[in-house]
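Each remark here refers to the structure printed beneath this line.
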Amino acid sequence: MRRRLIIVLLIILQTCRLAAADKPAAAVVSVAAAANLTYAIEALNLEFQAHHPGARITTTLGASGSLFAQIRHGAPYDVFLSADTQYPAELAAAGAGVSATLQTFARGRLVLWTTNPRLPMSDLKAALTSPALRKLAIAQPRSAPYGRAAQTVLEQLGLWSTLAPRLVIGENIAQAAQFVETGNADAGFVALSFVLSRRLAGRGSYLEIPAPAYPGVTLAHGAILTQHGRENVTARQYLEFLRSSAAQRILRDQGYSSPE
Amino acid sequence: MPEAHATFLGLSPALWQSLWLTLRLAAITTLVLGIVGLPLAHWLNSTRSKLAAALETVVALPVVLPPTVIGFYLLVAFSPQHGPGRWWQAVTGQSLAFSFTGLVIASVFYSLPFAVQPFQAALRAVPRDLLDAGATLGASPRRVFWRLHVPLAWRGIAAGLTLGFAHTLGEFGVVLMIGGAIPGVTKVASIALYDEVQALAYPQAHAFAATLLVLAFALLLVVTILQRRRT
């Protein structure tokens, strides 16, 4: 009786294993992307899928630092798109990313965005020193490159310490934007891609911050294949696609400049 | 990205600040829970109103709702573009989101069932005839409640208050939505710990997490002892 049971169990087990082995490797790419790419990534994925009809892409958005920490601890993402180049480089150095695939695919643009009509947006300093600015949203500088850029802008203007009591810090750039959108913050430093997005276009007004205003923070967006995605052919194709002219055109339309 | 230098018990001054803020938040929340929750629990126990079942369910909602749901609705309600937030801004000149007051309001909502449910159980366990005796001797219902009913149920009430306090210490999702991580104002312990982990500052994270664990254990031990002695 017991022997028969064991045999049946073995057969079931074997069938399961065969079924798993027979399944063709589905072309699934799991992408971990910096939160500023929220809108651009939809357009990029559609374009990629137009050329690779079988591919399925899942996206996880978050602060670059958070995603970096997750991947470092074995999160099963194939591709990492960061809002800087330092996190992907560190991933490669730590052996959790494939160094040869490290690349810069876009450069982010920082804007000051407001939905408060009373805020003077004639120039940056006027907006930041206006009494109408009671709460200013930025992304967490320790884990979000856009937050670091925002902090540098304020430091360069000598406003960091005066504005510190009015800062509200989003966990990532999307949360900072959400604080502004709900009107809970009067203005915020966000990515140009957010204010250009279909969902937010035309809401409030924004000022682009020129890159020299935040020296030391490039907002160069780095991409890398993770150790987990090493064998994933479609993931490699996805990384190549990011440098293609089609992808670069999408990124330009969505508020990014070219990586060079 | 290591911390500059650790201080007392291996925690930076910023982490101590967040812990102190959390304790203040929990203390004030507990006070409000006592003032609002006790009469509420008593009313729910004694009313025959058809609304009672609905209200009791509303009170219990935070037990099952994701805290982010509460946080999301509060973020919308606190916005100066909507009623409550606009009113608050007009009266005080400040916004409710990203303020300590906002966190207190959120925490009271969020911790209400953890205080009110033990309150109800404790008040219900007091023998009816003792209260009737008080009433027969001429005490008003209010006097009976505060001078007889509450003192007789104090163990269960203390347990409810301690649970409310402990639960507020553990708050994360609500604060993440409406807090904005302002040091000394809304950056509570759970958010501070989250930030340490995000920044890969593990020694700090470990020290802080251990501190919170010890604190939570001590509080729950108090609740357990209070409830064991009752029987």
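Lettering follows sequence order; numbering is per chain, from 1.
Residues A/Thr182 and B/Gln81 form no side-chain contact, since every pair of their non-hydrogen atoms from C-beta on lies 4.5 Å or further apart. When side chains are defined from C-beta on, B/Met177 does not count as touching A/Glu171, because their heavy atoms never get closer than 4.5 Å. Within the 4.5 Å cutoff, the side chain of B/Ser95 has no heavy atoms near those of the A/Arg134 side chain.
Around the CH2 atom of B/Trp43, the shell of radius 6.0 Å holds more than 12 heavy atoms that belong to other residues, nucleotides or ligands. Other residues, nucleotides and ligands contribute over 12 non-hydrogen atoms within 6.0 Å of the CZ atom of B/Phe172. Taking a 6.0 Å sphere around CZ of B/Phe114, one finds it holds more than 12 heavy atoms contributed by other residues, nucleotides or ligands. Summarising the local packing, CZ of B/Phe145 is surrounded by more than 12 heavy atoms from other residues, nucleotides or ligands at distances under 6.0 Å. For A/Tyr206, the OH atom sits in a loose shell: 12 or fewer heavy atoms of surrounding residues, nucleotides or ligands are nearer than 6.0 Å. The environment of A/Arg107 atom CZ is dense: over 12 non-hydrogen atoms of other residues, nucleotides or ligands sit within 6.0 angstrom.
When all heavy atoms are compared, the tightest approach of A/Gln178 to B/Leu75 is NE2-CD2, 3.2 Å. Scanning both residues, A/Gly183 and B/Pro80, for their nearest heavy atoms gives O-CD, 3.1 Å.
To the nearest 0.5 angstrom, B/Gln89 atom CD is 9.0 Å from A/Asn184 atom CG. To the nearest 0.5 Å, atoms CD1 (A/Ile169) and CZ (B/Phe98) are separated by 11.0 Å.
With a threshold of 4.5 angstrom between heavy atoms, B/Gln94 does not approach chain A through any atom at all. B/Tyr202 touches chain A through its side chain: at least one heavy atom from C-beta onward sits under 4.5 Å away, while N, CA, C and O do not.
Contact count versus chain B (heavy atoms, under 4.5 Å) is highest, among A/Gly65, A/Ala63, A/Ser66, for A/Ser66.
A donor-acceptor pair is defined here as one N or O able to donate and one able to accept, closer than 3.5 Å; such a pair exists between the side chain of A/Gln175 and the backbone of B/Leu176.
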Exercise for review: In sequence, state the C-alpha distance, the side-chain angles, and the governing distance for B/Ile182 and A/Val168, and then conclude on side chain to side chain contact (heavy atoms under 4.5 Å, CB included).
Suggested key: CA-CA 6 Å; B/Ile182 304 166; A/Val168 289; 3.5 Å; yes
